[in-house]
Every structure is written in C-alpha cells, then in structure tokens.
Protein chains: 2
Amino acid sequence: MTGTSPRRGGSTLAEVAKAAGVSKMTASRVLRDASGFSSETRDRVLREVERLGYVPNRLAAAFGSDQTSTLVGVCVPRLTSSLFGSVLDSIDHTLSKFGYQTMIGAHEQSPQAEESWLRAILAWRPAGVILSGRKHTPGTVEILRAQSIPVVEIWNLNTSPLDVSVGFNHFDCGYEMGRFMLGRGHSNIAYVGAESNAAGMGEVRYQGFENALADAGVECVAKEVLVDRPGFYAGFYGTETVLSRNAEIDSIYYHDDTMAVGGLFYCKSKGMRIPDDIAIAGWGGMEVASVLPERLTTTSVTTQALGKSAAEALVARIREEPVEDVLVASTRLVPGNTV
Amino acid sequence: MTGTSPRRGGSTLAEVAKAAGVSKMTASRVLRDASGFSSETRDRVLREVERLGYVPNRLAAAFGSDQTSTLVGVCVPRLTSSLFGSVLDSIDHTLSKFGYQTMIGAHEQSPQAEESWLRAILAWRPAGVILSGRKHTPGTVEILRAQSIPVVEIWNLNTSPLDVSVGFNHFDCGYEMGRFMLGRGHSNIAYVGAESNAAGMGEVRYQGFENALADAGVECVAKEVLVDRPGFYAGFYGTETVLSRNAEIDSIYYHDDTMAVGGLFYCKSKGMRIPDDIAIAGWGGMEVASVLPERLTTTSVTTQALGKSAAEALVARIREEPVEDVLVASTRLVPGNTV
DNA sequence: TTCCATTAAGTTACCGGTAACGTATTGCTC
DNA sequence: GAGCAATACGTTACCGGTAACTTAATGGAA
C-alpha cells in the first residue's frame with residue numbers, strides 16, 4: 001500500500017553517524033550519554049537522530065553487549081485478580097522508570113507452568129525475573145542456579161529465598177486473624193478457600209490460622225478448599241457446602257475478600273445475621289469490601305509497596321548493589337464488624 | 001558465591017554443534033525443525049542440547065534474522081481491572097501458544113502514555129502490537145505507519161482501524177441499555193462514570209445511551225463522570241453526588257458493574273428500594289454481580305473471546321495471512337431485576 | 001620546551017544466531 | 001552410464017549495536 005516499505009525499524013546508528021559526520025561509536029556514546037564527546041558533536045548527532053526518526057535497536061544492544069539486557073520476566077498466578085494486578089502494575093511502573101521492559105506470564109499456581117514459562121523467558125536473556133509461585137519445581141531451581149540470574153520471589157515472605165524475597169507474612173496474617181476471631185468468642189470456626197492448581201499462599205495463611213486455634217486448644221471444625229479460582233462465586237458456593245455439612249459453624253475465615261464477600265452474600269441470602277449468627281473474615285483489604293454496608297473484617301495489604309520494593313530490589317541486584325535478602329511488605333488486621 | 005559463573009546463558013549453538021560433530025547451521029536447522037538433516041543427525045544434536053542444557057538465544061535469533069522477532073507489545077488501560085485482566089490473560093495465553101512473548105504496558109487512558117510506551121516497545125522490534133486506547137496521538141499513528149508494523153486495536157470496535165480492530169460495540173451496548181431502561185418506564189435517567197485521564201470507552205457507551213434516550217425524546221437528567229478509576233468506590237460516591245444534586249432521578253446507568261455495585265450499596269444504605277425507588281444498570285457482566293441478592297441488569301461481554309481473537313488476528317497479520325479488518329466480540333444485555 | 005594526563009574521537013572485533021549459497025553424495029530415469 | 005534432482009550437509013557473510021583498544025589534539029606542570 002505505502003509502497004516499498006523501508007527496512008523494518010527505520011534507520012540505523014550507522015546512518016545517523018554518517019549523517020552527523022562521526023563514527024558509529026561516537027553516536028553510540030552520545031545516545032547512551034556516556035562521556036567522550038563534545039557538546040557540538042552531541043547536538044549534531046541528536047539533530048540527525050531527530051531528523052531521521054532513529055529508533056535504537058534494543059535487540060541488537062542487548063545481544064551485542066552481554067549482561068545489558070533490560071528485559072525482566074514477571075510471572076504471577078493470574079492476571080484477573082485485583083491484588084496481583086496492582087502488584088504487576090506497580091512492578092511495571094517501577095521497572096519502566098529504570099528503563100526495563102516487563103514480560104509477563106501466569107502460572108495459576110502450577111509449578112510446572114512456572115517452569116515452562118521460565119524456560120521460554122530465559123531464551124530472551126532477561127536481566128532478572130520475578131516469581132510468585134509458592135513452590136518451584138526442582139527444574140526451576142536448577143535452571144535459575146545454572147543461569148545465575150537475579151531472582152526476586154514475591155508475594156510470600158520466604159526466609160530462605162533463592163536470591164531475594166519480598167512478600168507478606170501470610171502465616172502471621174492467618175495467625176493474627178485466628179487469635180482475633182477466638183478473642184471475639186468464636187469457637188466453631190471454619191476455613192473456606194480455593195486453589196486452581198496446587199496450593200498457593202492461602203494455604204500458608206490457613207496454617208497460621210490453624211496454629212492460632214491450636215495454641216488455644218481449638219480445632220478448625222471444617223476446611224473447604226474448592227478446586228477453582230478464588231472469587232466471589234467460589235466464596236458463595238464454598239460457604240453453602242461447608243454450612244450444609246456442619247450447621248454448628250459460627251465463623252468462617254476466607255481465602256480472601258472476594259470469597260468473603262461471596263460468603264457474606266450467601267449467608268445473608270439465608271437470613272443469617274452477621275456477625276451474630278455467623279462471623280466472616282477475609283484477606284486483602286480489597287476495594288469491593290469498602291462499599292458494603294458491613295465493614296468486612298480483613299487484613300489489608302500493601303500491594304503497591306510490594307511491587308515497588310520487588311522491582312527496586314531486582315534492579316539493585318542487577319546492578320550488583322547491596323540488597324536485603326528478605327523484605328517484608330506490611331499487612332494490618334482491620335477489625336470490621338463482621339467478626 | 002557459586003564461584004566463577006560461566007558465560008551468562010550457558011552454552012551456545014556452536015558448542016552444541018561441535019559436540020554433535022556437525023556445523024552450527026545443521027544444528028540450527030534441527031532446532032527450528034527445518035528440513036535438511038537426517039534423523040540420526042537430529043537425535044545426535046538433540047542429545048547434546050539436552051546434555052548441555054542449551055537454551056537458545058532468542059535475542060540473537062530475533063536480531064540476526066530481521067523480521068523474525070517473536071515479541072508482541074500489549075498496552076491496556078490498567079492491570080487492576082478484572083475485565084482487562086481477563087483479556088490480557090487470554091491474549092498472553094494465545095500468543096504463547098504461537099510462540100510469542102507478551103510485553104505489557106498500561107496507559108490509564110492517556111494517549112501520551114500510550115505513545116511513550118509505544119516508542120519504548122518499538123526499540124525491541126516487536127512483531128506486532130495490540131493497543132486499547134480510544135484515541136491515539138498523531139505521533140502514535142505516525143510511528144506505526146512509519147514502522148509498518150501489524151497493529152490490532154482492541155476493546156472498542158473501530159470501523160476504520162489503523163490495521164485490524166477487534167472489539168465490543170460499546171455504542172450499541174449503551175443504546176440497547178438506554179432502550180431497555182426506557183422500556184421499563186424510567187424517565188429520570190442519570191449516568192455515572194469515572195475516567196482516570198481522557199475519556200475511554202465508557203464515554204462511547206454513554207453516547208449510545210444518550211442517543212437511545214434522545215430517540216425517545218428523553219434527556220439524560222444528569223451525567224457525573226468522576227476523575228478517578230472506575231471501581232466500587234467511585235460508584236458509591238458518584239451516586240451520592242448525583243443523587244444529592246437531583247432527587248428526581250429514578251434510574252442510573254453506570255460505567256461498569258463495579259461502579260453499579262458501588263452505587264447499589266449506596267442506594268441500599270439510604271434505604272432505597274431497587275428497582276422501585278431507583279433502578280441500576282451496569283456493564284461488563286462481572287463476577288461480583290453474580291453473588292448479589294439482586295440480579296444486576298448489565299451487559300455481559302466476552303473478554304476471553306476478545307483476547308483470543310485479537311491475538312489470533314495479530315498472528316495472522318504477522319504471518320501475512322488474510323484477516324478480517326474488523327472483528328466484533330459479542331455482548332449481550334442481561335436483564336436482571338435491578339431495572 | 002618537554003612530558004604527561006585528559007579529552008575527543010576512530011578502529012577493530014565480536015555477540016549468536018540465520019539467510020543465501022555452494023558442494024558432495026545418493027538414487028533414479030532414460 | 002550419463003544426466004539430473006533431491007538430500008544432507010558445510011561456508012560465508014551479515015544483522016546493529018557495544019567493549020576494548022588505539023590515536024590525535026590540547027593544555028598544564030615541571
């Protein structure tokens with residue numbers, strides 16, 4: 001249509017250099033703002049860059065000089081969650097400020113999916129990767145070691161990370177909520193979660209939760225983990241299931257706020273009073289809960305901060321600057337009036 | 001720590017070839033499954049690939065042979081929306097099946113942000129890009145033309161696309177809902193939306209909506225568009241604002257379901273009956289609405305299908321296979337009991 | 001004035017693949 | 001058995017940058 005299209009990607013550095021009457025190397029130096037050129041030369045080069053609409057070829061740059069790739073791979077459980085979306089948003093925003101490009105992937109809590117994503121991504125020689133899986137396959141660990149590439153594990157706090165870990169203390173979140181619910185006089189306590197593949201961090205929160213109950217000599221009377229994505233729908237039906245099996249239940253701790261909201265609506269649809277007939281607690285501090293007539297008892301988490309810290313830590317590791325191995329992103333139990 | 005790390009990225013094709021006793025080119029052919037080698041040679045090469053843990057360098061491949069990059073850039077308004085998350089998920093999933101890598105970006109409905117993202121991404125010589133902005137800057141359009149790169153515009157149906165458009169007919173969604181609400185006897189109808197920067201597709205839906213009312217000789221009595229991200233919170237407060245200014249309002253059309261749910265809770269908190277005192281309609285068919293005691297009147301949309309179609313269309317364009325210029329993703333008005 | 005450090009360049013080689021082309025061997029047809 | 005196509009390779013050059021090294025000019029100190 002537009003006639004013979006010029007070579008894809010337009011002009012090259014050599015053309016810019018020639019037009020400016022300098023060598024490729026000098027032009028390269030100007031564009032990377034390295035030293036070794038006069039201000040007149042810089043102006044001349046930049047003028048030609050502008051005139052020719054030169055777009056540098058990062059592929060060539062990353063390829064040519066080993067170790068200089070500015071690609072970063074990020075693999076999250078799923079892209080449809082507002083919490084992971086927020087983390088991803090924050091990571092992408094921070095990384096792009098530092099000049100890195102984000103390549104994404106979703107693993108749905110499947111360690112195998114994470115590994116195959118990793119294999120594909122490593123072919124791009126990324127400067128680093130950010131993982132969120134709870135467990136990694138032996139293959140994943142081996143590859144990462146072999147490539148000796150910076151890795152930031154996010155979401156869960158990992159006290160013995162592969163490299164760097166930035167996350168929430170899910171165990172403590174669960175423990176704290178367990179104590180809180182006990183403190184409000186509940187004793188027939190259930191847990192309702194959902195996992196699409198292998199268990200994710202919800203399981204860690206459950207462990208903390210269970211520990212809190214055990215420390216008080218209480219047992220969790222029911223645990224229902226649906227094979228599904230966590231969400232409103234799963235919360236609704238998980239609640240139905242668990243209550244139909246055990247009518248004594250007086251309180252439920254949910255995988256997250258979406259499930260808690262789903263459960264809340266189930267309970268209300270059955271005419272139960274909250275928290276008198278049944279108490280409900282979530283996790284995540286999601287926006288949806290903020291508009292409910294009830295103030296949902298939950299744990300609010302700092303996803304933006306987590307994403308920013310993770311991205312910054314990764315950049316620091318890439319630049320071989322000192323970084324803390326383990327960074328905690330804060331969480332806070334928000335007592336509402338549903339427990 | 002781990003001693004002198006070997007060259008980043010491990011072994012090269014040359015090493016594999018040497019170990020297998022063939023030339024680089026033959027090894028390359030085997031790995032790309034091209035023709036021109038015997039089955040014994042293939043086995044020998046693949047054995048060495050396995051033994052050496054060879055990871056191909058896609059950077060080199062993409063760089064070396066012009067036109068063969070398998071990178072695709074995707075820029076969505078934001079990553080925290082379940083709808084865009086679902087589209088992105090579907091795009092990423094489909095693209096990776098075809099061997100492409102997704103590089104993301106978020107523009108928050110700012111055409112400038114989209115342009116600067118595009119400039120950055122083009123430096124990677126992507127095989128194609130997927131855009132979702134309603135408007136593009138002149139610069140964006142010019143760059144795309146100059147690079148003659150396949151582009152798929154998603155989300156809105158664009159009858160005169162830059163290249164290919166895959167989207168929903170937002171205008172019709174609005175029009176249809178307008179007629180539906182009128183048909184239920186409402187006449188003091190308001191609209192509540194939110195836009196973080198420039199107007200997005202919500203504005204297109206509003207235009208369709210307004211047209212439906214106008215065709216029936218009715219005027220939209222109030223339009224409140226918050227400068228904020230669409231969400232539960234914005235829906236709640238937007239409703240408060242619009243109702244405080246006009247007590248006559250008997251029905252509200254919202255930017256999307258999250259805002260509608262926010263509005264629903266505001267109305268219920270004020271003791272209003274739905275739909276008798278006030279009718280509520282959303283857009284998107286989001287999961288959150290499925291667990292409400294009320295069945296929200298909304299337009300359900302096929303985000304997965306949209307993402308898949310967009311990815312497939314882009315791949316087809318890259319491969320220079322014939323593609324429809326304009327592909328419609330389906331939407332369906334779901335009458336609930338909130339209107 | 002001589003010497004040396006500094007600045008502003010240029011030159012060369014190379015990153016790891018792939019395209020294009022060349023060549024030896026095999027097997028088949030006429 | 002000559003001619004030819006198909007198969008299975010090998011060789012060479014190149015993509016567009018950057019690292020590492022070299023060179024020329026300048027200026028200040030001894």
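The chains referred to below are lettered A, B, ... by the order of the sequence lines, with proteins before strands, and numbering in each begins at 1. Note that this is a predicted model, so its numbers are computed, not measured.
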Does [N] have OP1 or OP2 sitting under 4.0 Å from an N or O in the side chain of [X]?
{"X": "A:S38", "N": "C:dT7", "result": "no"}
{"X": "A:T26", "N": "C:dG10", "result": "yes"}
{"X": "B:T12", "N": "C:dG16", "result": "no"}
{"X": "B:Y54", "N": "C:dG17", "result": "yes"}

Remember a base hit wins even if backbone is also touched, and classify [X] as base, sugar-phosphate or nothing at under 4.0 Å, heavy atoms.
{"X": "B:F37", "value": "sugar-phosphate"}
{"X": "B:T41", "value": "sugar-phosphate"}
{"X": "A:R32", "value": "sugar-phosphate"}
{"X": "B:S23", "value": "base"}

Point to revise | Close side-chain approach of B:I91 to B:I154, heavy-atom, < 4.5 Å | key: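 They are in side-chain contact.
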Exercise for review: Provide, to the nearest angstrom, the distance between the CZ atom belonging to A:R42 and the P atom belonging to C:dT7.
Suggested key: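 Rounded to the whole Å, the gap is 15 Å.
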Practice item. Report the distance from atom CZ of B:R125 to atom P of D:dC15, rounded to the nearest whole Å. Key: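 It is 14 Å, rounded to the nearest whole Å.
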Point to revise | Nearest-nucleotide 5' precedence on DNA chain C, A:S39 against A:K24 | key: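 It is A:S39, whose closest nucleotide lies nearer the 5' terminus.
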Check your understanding: Do you know which of B:D163, B:L314, B:L144 makes side chain to side chain contact (heavy atoms under 4.5 Å, CB included) with B:V129?
Key ->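 Answer after filtering B:D163, B:L314, B:L144: B:L144.
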**Study point:** Of B:F63 and B:M25, the one whose closest DNA chain D nucleotide lies more 5'
**Key:**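 The residue mapped nearer the 5' terminus is B:M25.
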Review point. When the nearest nucleotide of DNA chain D is assigned to B:R29 and to A:A14 on a heavy-atom basis, which residue is associated with the more 5' position?
Key: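 It is B:R29, whose closest nucleotide lies nearer the 5' terminus.
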Practice item. State whether A:E48 and A:R51 are salt-bridged, where the test is any N-O pair (Lys NZ or Arg NE/NH1/NH2 against Asp/Glu carboxylate O) under 4.0 Å. Key: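 Judged by the 4.0 Å cut-off on N to carboxylate O distance, A:E48 and A:R51 do form a salt bridge.
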Point to revise | B:K135/B:E114 ion pair, N-O < 4.0 Å | key: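 Judged by the 4.0 Å cut-off on N to carboxylate O distance, B:K135 and B:E114 do not form a salt bridge.
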